[in-house]
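Read through the structure below, which is laid out as structure tokens, and then see the notes.
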Amino acid sequence: MSGDRCLPQHHIQDEPTSPHPLVVCPKTRTCGYREAVSLGNKYVRLNVGGMLFFTPLQVLTRQNSLLKAMFSGKKEVFTDKEGWILIDRSGKHFNSILNYLREGTVTLPKGRQAVQELLAEAKYYLLQGLVELCQNTLQDNKEQPMCVIPVITSCKEEEQLIQSSSKPVVKLLYNRSNNKYSYTSNSDDNLLKNIELFDRLSLSFNSRVLFFKDVIGDEICCWSFYGQGRKLAEVCCTSIVYATEKKQTKVEFPEARIYEETLNTLLYETMPLPDNSLLEATRRSYNNCGSLSEEEEGPGGAELRERVRRIHVKRYSTYDDRPLGH
């Protein structure tokens, strides 16, 4: 036989008088490395954390490691009653250890945690080359953040972010120290809830919306929503309340309103600004249908009509409410 085999090992003894089987630990004994080697001193049977491996002695002694010390007479080995050499380590990555001993290199497992687990095993078996390989991989493949939240420090930075962003923008301003009154009992909890909601929204919509924080503004807790370079809405979460003998600052947590305004900003995600030809065509169509002219509408009429035309969302409560043909 060649190569290694990995088989689960179970030692279970059933008691006839008991409905539950009892697990009996295998008996161990100390022996020399030559006594533990079978098949003409060519192959070794290993029990690593309950997983069985059958591998040539030459592989185990190929590099300077703990395994070479075990099978060169420098270190005692323990066997069970069936002759399997016991190693008190997890067998999850032992195949990778054997492959490294054979080839001098190995394909590392996927995932940062798996590489860290293999690094711990390499340190235990004193495989310095494998240790360096794992460490270099961990340094090169540092986990990237799921999203990056800018923190602005000036009004100029805020304006540049909003104007340069091709996405809708959501800003959270929080500055607890910007207060000359005492806070109500629930204000601190609500302030933390606003910050936690901001983090959840940024994780959910960071690919579609730009989120940033402002910690130098004049408010204590305030949400602002922008689309296509202009401000769409603002949700201020602070107010002044009158106690028995003094004023207090109250911080609220309007969760539903914040969710609503965040979703509304998605309407500005990919919708381009209407060009002049489109506005002129819709204006002529509107006038031909019998609407008032710009002179009859009075000052501000055209601006109001353009603003309403920019986003027009009509909702129907039931299917029967829809006009014929929809």
Discussion item. Just so I know, are the side chains of L130 and L118 near enough to count as touching, which here means a heavy-atom distance under 4.5 Å?
Written reply: yes
Worksheet entry | Considering all heavy atoms, the nearest I85-M70 contact | CG2-CE, 4.4 Å
Worksheet item: Of the non-hydrogen atoms in V48 and S90, which two are nearest, and what is the gap between them?
Response: CG1-O, 3.8 Å
Worksheet entry | Side-chain heavy-atom pair P56, K42 within 4.5 angstrom cut-off | no
Fill in: Least distance between heavy atoms, V148 atom then P150 atom
O-CD, 3.5 Å
Discussion item. Is it the case that the side chain of Q116 and the backbone of C134 share a donor-acceptor pair, with hydrogens and angles ignored and the cut-off at 3.5 Å?
Written reply: no
Worksheet item: Hey, quick one: are L192 and L203 part of the same hydrophobic cluster, counting side-chain heavy atoms closer than 4.5 Å, chains of contacts allowed?
Response: no
Fill in: Distance-only donor-acceptor check, side chains S187 and T184, under 3.5 Å
yes
Item to complete: Taking the side chain as every heavy atom from C-beta outward, state whether Q248 and V241 have any pair of such atoms under 4.5 Å apart.
Response: yes
Discussion item. Taking transitive links into account, so neighbours of neighbours count too, which hydrophobic residues share a cluster with Y226 at under 4.5 Å side-chain distance?
Written reply: I152, L161, I162, V169, L210, F212
Worksheet item: So does E159 have more than 12 non-hydrogen atoms from other groups sitting under 6.0 Å from CD?
Response: no
Worksheet item: Who pairs with R62 by salt bridge (charged side-chain N to carboxylate O under 4.0 Å, His left out), at least two apart in sequence or on another chain?
Response: none
Item to complete: Please round to the nearest 0.5 Å and tell me the distance separating atom CG of L67 and atom CG of L126.
Response: 9.0 Å
Worksheet item: Between K123 and E121, is there a salt bridge with N-O shorter than 4.0 Å?
Response: no
Worksheet item: In Å, rounded to the nearest 0.5 Å, how long is the span from CG of L86 to CZ of R89?
Response: 15.0 Å
Worksheet item: Going through the distances and angles, do V209 and E269 end up as a side chain to side chain contact (heavy atoms under 4.5 Å, CB included)?
Response: CA-CA 8 Å; V209 179; E269 184 179 10; over 6 Å; no
Worksheet item: Below 4.5 Å, heavy atoms only, C-beta onward: do T79 and W84 meet side chain to side chain?
Response: no
Worksheet item: How long is the gap from CD1 on I258 to CG on L201, to the nearest 0.5 Å?
Response: 8.0 Å
Worksheet item: Is E261 reaching over with its side chain to a backbone N or O of R257, donor-acceptor style, under 3.5 angstrom?
Response: no
Fill in: Connected hydrophobic set around I240, excluding itself, where side chains approach under 4.5 Å
Y181
Discussion item. Please determine whether salt bridge (charged side-chain N to carboxylate O under 4.0 Å, His left out) holds for the pair E117 and K92, giving the CA-CA distance in whole Å, both sets of side-chain angles, and the decisive distance to 0.1 Å.
Written reply: CA-CA 9 Å; E117 293 172 355; K92 180 179 178 181; 3.0 Å; yes
Fill in: Summary of side chain to side chain donor-acceptor pair (under 3.5 Å) pairs that have at least one residue in residues 188-205, sequence neighbours excluded
R176-D188, N194-W223
Discussion item. Show, in sequence, the C-alpha distance, side-chain angles and deciding distance for Y268 and R230, and conclude whether the side chain to side chain contact (heavy atoms under 4.5 Å, CB included) test is met.
Written reply: CA-CA 10 Å; Y268 293 80; R230 64 185 183 89; 3.4 Å; yes
Worksheet entry | Cluster overlap Y259 with F253, hydrophobic side-chain contacts below 4.5 Å | yes
Discussion item. Are F205 and V170 packed together at the side-chain level, in the sense that at least one heavy-atom pair is separated by less than 4.5 angstrom?
Written reply: no
Worksheet entry | Heavy-atom pair with the smallest gap, counting every atom of N206 and F211 | N-CE1, 4.3 Å
Worksheet item: Got L119 and Q135 here, is their nearest side-chain heavy-atom distance under 4.5 Å?
Response: yes
Item to complete: Taking all non-hydrogen atoms of both residues into account, name the closest pair between T265 and P168 and its distance.
Response: O-CG, 3.1 Å
Discussion item. Hydrophobic cluster membership, with links at side-chain heavy-atom distances under 4.5 Å among I/L/V/M/F/W/Y: are L108 and L127 in one?
Written reply: yes
Discussion item. If you apply the rule side chain to side chain contact (heavy atoms under 4.5 Å, CB included), what do you find for N175 with E219, and how did you get there?
Written reply: CA-CA 7 Å; N175 187 0; E219 296 287 346; over 6 Å; no
Under 3.5 Å, which donor-acceptor pairs do the side chains of residues 231-238 form with other protein atoms, sequence neighbours left out?
unit_1, atom_1, unit_2, atom_2, d
K231, NZ, E234, OE1, 2.5

Worksheet item: Passes side chain to side chain contact (heavy atoms under 4.5 Å, CB included), R102 versus T55? Steps please.
Response: CA-CA 10 Å; R102 289 191 196 96; T55 189; 4.0 Å; yes
Discussion item. I need the L52 CG to L46 CG distance, nearest 0.5 Å.
Written reply: 9.0 Å
Worksheet item: Does a side-chain heavy-atom distance below 4.5 Å link T137 with R112?
Response: no
Worksheet item: How long is the gap from CG on L267 to CD on Q228, to the nearest 0.5 Å?
Response: 10.0 Å
Worksheet item: Between T262 and N264, is a side chain to side chain donor-acceptor pair (under 3.5 Å) present by the stated rule, with each step listed?
Response: CA-CA 5 Å; T262 302; N264 285 340; over 6 Å; no
Worksheet item: When clusters are formed by joining ILVMFWY residues with side-chain heavy atoms under 4.5 Å apart, either directly or through shared neighbours, do L197 and L173 land in the same one?
Response: no
Discussion item. Quick check: is F71 connected to Y100 through a chain of hydrophobic side chains (ILVMFWY, heavy atoms under 4.5 Å apart)?
Written reply: yes
Practice prompt. Could you pull out all residues at least two apart from F94 that satisfy ring pair (Phe, Tyr, Trp, His ring centres under 6.0 Å)?
Written response: F53, Y125
Worksheet item: To the nearest 0.5 Å, how far apart are NZ in K250 and OH in Y242?
Response: 14.5 Å
Worksheet item: Do S154 and E158 have side-chain N/O donor and acceptor atoms under 3.5 Å apart?
Response: no
Worksheet, complete the sentence: Tightest non-hydrogen contact, residues I220 and L191, listed as O-CD1, 4.4 Å
Worksheet item: Side-chain contact, heavy-atom cut-off 4.5 Å: V77 with I87?
Response: no
